[in-house]
> 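One structure is given below, represented as structure tokens, and several questions about it will come after.
Residue numbers start at 1 and run along the sequence shown. All ligand and atom numbering here is 1-based and tracks the order in the structure.
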Amino acid sequence: MKNKYPGKFITLEGTEGAGKSTNLKFIESWLAEQGIDVVVTREPGGTPISEAVREILLDKRYGEMTPETELLLMFAARNQHLQEKIIPALEAGKWVVSDRFTDASYAYQGAARGLPYGRILEIEQWVQQGFFPNLTFVFDLSIEEGMKRVKARGEADRFEEEQQDFFEKVRSAYLNRAKQAPQRYEVIDAGQPLVRVQEQVEQKLKQLCLAAGKKVVA
Ligand code: TMP
């Protein structure tokens, strides 16, 4: 079971500073122009409980948090997000676009923090019951370039304080996951000029619309 609901579920992934936020806005307005009812959300977060869990997860005062706790909190937030917001919206025929989802748990808690893949898979199966995004964009950018962009944004959170090798692991994990299931992922070179990036995003969105039986307005 991938997504049995009438709405489609799109997720955005990438290392810090790869341009998810800018592209999220572009995707939201492009889909809205097609007459699609869009819900934009994020992980960890998206509901009051999940946003409260996000605050704990990103808080630099909790340096003692173990990788296991981090993973369980990510999935606790995700479970609430799925049941309270994502699934009801998809059932109602809305399309949901989320800034991050479970691929991030494999990349950050799995590849970068070193938790076993099988553990994450177990929790994913329990929480998601076979539910997956229809399409996942991976915005790929060199870690150096991404860090420059993040620094320009201001103060770092608990994750952004990690070192380069941590993010290199995250980046490779995303690329590996995309290679293993190319039908679900679209890897985008986020170092290109924004217009090129958006052309590629739009192309992929068009395909998804057509596959969903929607007419595409130019
Ligand atoms: P953001 O900066 O994209 O809003 O995401 C918050 C941080 O949470 C980011 O550094 C990635 C991290 N994260 C995980 O480590 N695992 C997860 O499952 C998710 C959804 C996010």
> Return a table of donor-acceptor pairs under 3.5 angstrom between the side chains of residues 204-216 and protein atoms on other chains or two or more places apart.
residue : atom : partner : partner atom : Å
Lys204  : NZ   : Gln207  : OE1          : 3.1

> Who passes salt bridge (Lys or Arg N to Asp or Glu O under 4.0 Å) against Arg78, sequence neighbours left out?
Glu43

> Among Asp189, Val201, Thr22, find the residue that satisfies the side chain to side chain contact (heavy atoms under 4.5 Å, CB included) test when tested with Phe139.
Val201

> State, yes or no, whether a side-chain contact exists between Tyr106 and Leu121 at a heavy-atom distance under 4.5 Å.
yes

> Above 12 or not: heavy atoms from other molecules or residues under 6.0 Å from CZ of Arg119?
no

> Which donor-acceptor pairs under 3.5 Å do the side chains of residues 130-137 make with protein atoms, sequence neighbours left out?
residue : atom : partner : partner atom : Å
Asn134  : OD1  : Asn3    : ND2          : 2.6
Asn134  : OD1  : Phe9    : N            : 2.8
Thr136  : OG1  : Thr11   : OG1          : 2.7
Thr136  : OG1  : Arg184  : NH1          : 2.7

> For ligand 1, list the protein residues that place a heavy atom within a distance below 4.0 Å of one of its atoms, sorted by chain and number.
Glu16, Lys20, Glu43, Pro44, Arg54, Leu58, Met74, Arg78, Arg100, Phe101, Ala104, Ser105, Tyr108, Gln109, Phe159

